[in-house]
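Only heavy atoms go into these numbers, but all of them, side chains included; no hydrogens, no water, no symmetry mates.
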Amino acid sequence: MKTTIYPYKIFICKDEKTTAQACARALIKVVKNKPNGCLGLATGGTCIPVYESMVKDYQTNHTNYRDIKTFNLDEYINLNPLYIHESYRAYMNFRLFSLINIQMKNTHFPCCKQPSAYETLIQKNGGLDVQIISLGHNGHIAYNEPGSSLNSITRVITLTPSTIKANSRFFENNPKLVPKKAVSMGIKSILNARKVIVIITGIGKAQAFGHILKNKYDPQWPCSAVIFHKDVEIYVDAKTAQAAGYKKMGTVNILK
């Protein structure tokens with residue numbers, strides 16, 4: 001794949017709440033500009049307030065999702081039935097899909113039986129107009145762990161011990177209950193989207209953000225691959241930006 005480094009836009013937000021709100025507005029803008037568009041969505045704690053803001057907008061402004069199609073980044077494999085509520089399908093149904101007027105038939109998740117078929121399905125629907133991603137503490141995006149190939153596409157991935165530990169908070173803080181594998185879009189899959197929105201909240205993500213700011217790709221920090229995309233918007237709270245060593249606080253728009 002091409003490895004031209006492009007400039008990205010950074011939006012420094014007052015706090016984590018306003019970061020999520022700003023990110024939601026960016027997604028809503030895509031929906032309004034293209035009512036039959038394709039959204040690439042993410043899960044995890046970082047995205048919960050993003051979807052809360054989107055639901056609030058839907059209730060207030062009646063943004064129309066009827067013809068919108070969604071494609072989520074990933075899904076667990078072999079999830080214990082007792083924890084089916086922790087599947088990413090359940091996450092999205094509960095936090096967004098059931099609360100807006102999207103058609104469930106238009107919401108998609110990768111399947112472990114035919115992972116690469118997800119790529120074909122996305123392309124048949126015109127490709128992703130936008131992909132939202134958050135960062136893992138170790139810099140993973142989706143479940144592309146350190147060392148993932150830039151050319152990776154949707155595939156089955158074995159989760160690292162650090163990711164399993166981080167996800168254990170959703171499984172009674174017991175790493176043994178966390179699935180060991182997931183099916184995930186690859187780095188190439190993500191960069192194929194026409195726009196990439198990165199949301200970064202919490203000082204724990206500052207190191208990962210710092211590796212993006214170096215403007216140098218490091219395969220041990222998969223998040224740094226976003227420098228190769230020509231249309232990237234990064235939304236980050238002020239404390240995290242400062243902790244990451246971002247020095248241009250006065251030259252960007254502070255969103256409040």
Check whether more than 12 heavy atoms from other residues, nucleotides or ligands sit under 6.0 Å from atom NZ of K34, and answer yes or no. yes
Taking the side chain as every heavy atom from C-beta outward, state whether L41 and M92 have any atom pair closer than 4.5 Å. yes
What are the two closest non-hydrogen atoms of F97 and N72, and how far apart are they? CZ-OD1, 4.1 Å
Yes or no on side chain to side chain contact (heavy atoms under 4.5 Å, CB included) for N36 and I68, after CA distance, side-chain angles and deciding distance? CA-CA 5 Å; N36 64 342; I68 289 291; over 6 Å; no
I want to check a possible cation-pi pair here: R89 against Y91, using under 6.0 Å from ring centre and within 45° of the ring axis as the test. no
Looking at side-chain heavy atoms only, is the closest gap between E75 and S87 below 4.5 Å? yes
If we count only N and O atoms by modelled type, under 3.5 Å, do the side chains of Y8 and N215 hold a donor and an acceptor together? yes
Relative to each other, are the rings of H140 and Y143 parallel, tilted or perpendicular (30° and 60° limits)? tilted
Heavy-atom closest contact (E86 atom, F171 atom, distance): CB-CZ, 3.7 Å
Please evaluate residues V183 and I77 with respect to the criterion side chain to side chain contact (heavy atoms under 4.5 Å, CB included), reporting the C-alpha separation (whole Å), side-chain torsions for both, the decisive distance (0.1 Å), and the verdict. CA-CA 7 Å; V183 56; I77 295 175; 4.2 Å; yes
Polar contact flag, side-chain donor to acceptor under 3.5 angstrom, D15-T18: yes
Do E233 and V198 pass the side chain to side chain contact (heavy atoms under 4.5 Å, CB included) test, and can you show the C-alpha distance, the side-chain angles, and the key distance before you say yes or no? CA-CA 6 Å; E233 295 180 359; V198 185; over 6 Å; no
Donor-acceptor side-chain pairing of N144 and R155 below 3.5 angstrom: yes
Show your working on salt bridge (charged side-chain N to carboxylate O under 4.0 Å, His left out) between R95 and E52 and close with a plain yes or no. CA-CA 7 Å; R95 293 186 169 88; E52 288 175 345; over 6 Å; no
Linking I/L/V/M/F/W/Y whenever any side-chain heavy atoms sit under 4.5 Å apart, do L177 and I84 land together? yes
Are there more than 12 heavy atoms of other residues, nucleotides or ligands under 6.0 Å from atom NZ of K180? yes
Test item: side-chain donor near acceptor, Y65 and Q103, under 3.5 Å: no
Hey, does the side chain of Q131 reach the backbone of A193 with a donor-acceptor pair shorter than 3.5 angstrom? no
If hydrophobic clusters are built from ILVMFWY residues whose side chains come within less than 4.5 Å, do I190 and V156 share one? no
If you take all heavy atoms of L79 and P179, which pair is closest and at what distance? CD1-CG, 3.5 Å
Neighbour count above 12 (heavy atom, 6.0 Å) for K181 NZ: no
Would you say that P222 contacts I187 through its side chain, given a criterion of any heavy-atom pair below 4.5 Å between the two side chains? yes
Tell me whether I157 shares a hydrophobic cluster with W221, the cluster being built from Ile, Leu, Val, Met, Phe, Trp, Tyr side chains joined at under 4.5 Å. no
Return the minimal non-hydrogen interatomic distance between Q220 and P146, and the atom names on each side. O-CB, 3.4 Å
Apply the test side chain to side chain contact (heavy atoms under 4.5 Å, CB included) to residues L128 and L39: give CA-CA distance (whole Å), side-chain angles for both, the deciding distance (0.1 Å), then the verdict. CA-CA 6 Å; L128 298 176; L39 306 184; over 6 Å; no
For the residue pair D237 / T240, report whether a side-chain donor-acceptor contact shorter than 3.5 Å exists. yes
Have Y88 and Y76 got a donor and an acceptor in their side chains that come within less than 3.5 Å? yes
Would you check if the side chain of N125 reaches a backbone N or O of L121 as a donor-acceptor pair within less than 3.5 Å? yes
What do the steps show when you test F228 against Y217 for ring pair (Phe, Tyr, Trp, His ring centres under 6.0 Å), and what is the final call? CA-CA 9 Å; F228 297 136; Y217 175 64; 5.6 Å; yes
Tell me whether N174 at atom CG has more than 12 heavy atoms from other residues, nucleotides or ligands lying less than 6.0 Å away. yes
So, E119 versus T154: side-chain donor-acceptor pair below 3.5 Å or not? yes
Counting N and O atoms only, with roles assigned by atom type, does the side chain of H108 sit under 3.5 Å from a partner on the main chain of T70, one being a donor and the other an acceptor? yes
Indicate yes or no: at least one non-hydrogen side-chain atom of V232 is less than 4.5 angstrom from one of Y6. no
Indicate the atoms forming the closest heavy-atom contact of F71 with C38, along with that distance. CE1-SG, 4.0 Å
Between T63 and D57, a side-chain donor and acceptor under 3.5 Å: yes
Between the side chain of T163 and the main-chain N/O of L159, is any donor-acceptor distance below 3.5 Å? no
Residues R194 and G127: closest non-hydrogen pair is NH2-O, 3.2 Å
A quick test of your reading: do over 12 heavy atoms of other residues, nucleotides or ligands sit less than 6.0 Å from CZ of R169? yes
Has the side chain of K205 got a donor or acceptor atom that lies under 3.5 Å from a matching backbone atom of L135? yes
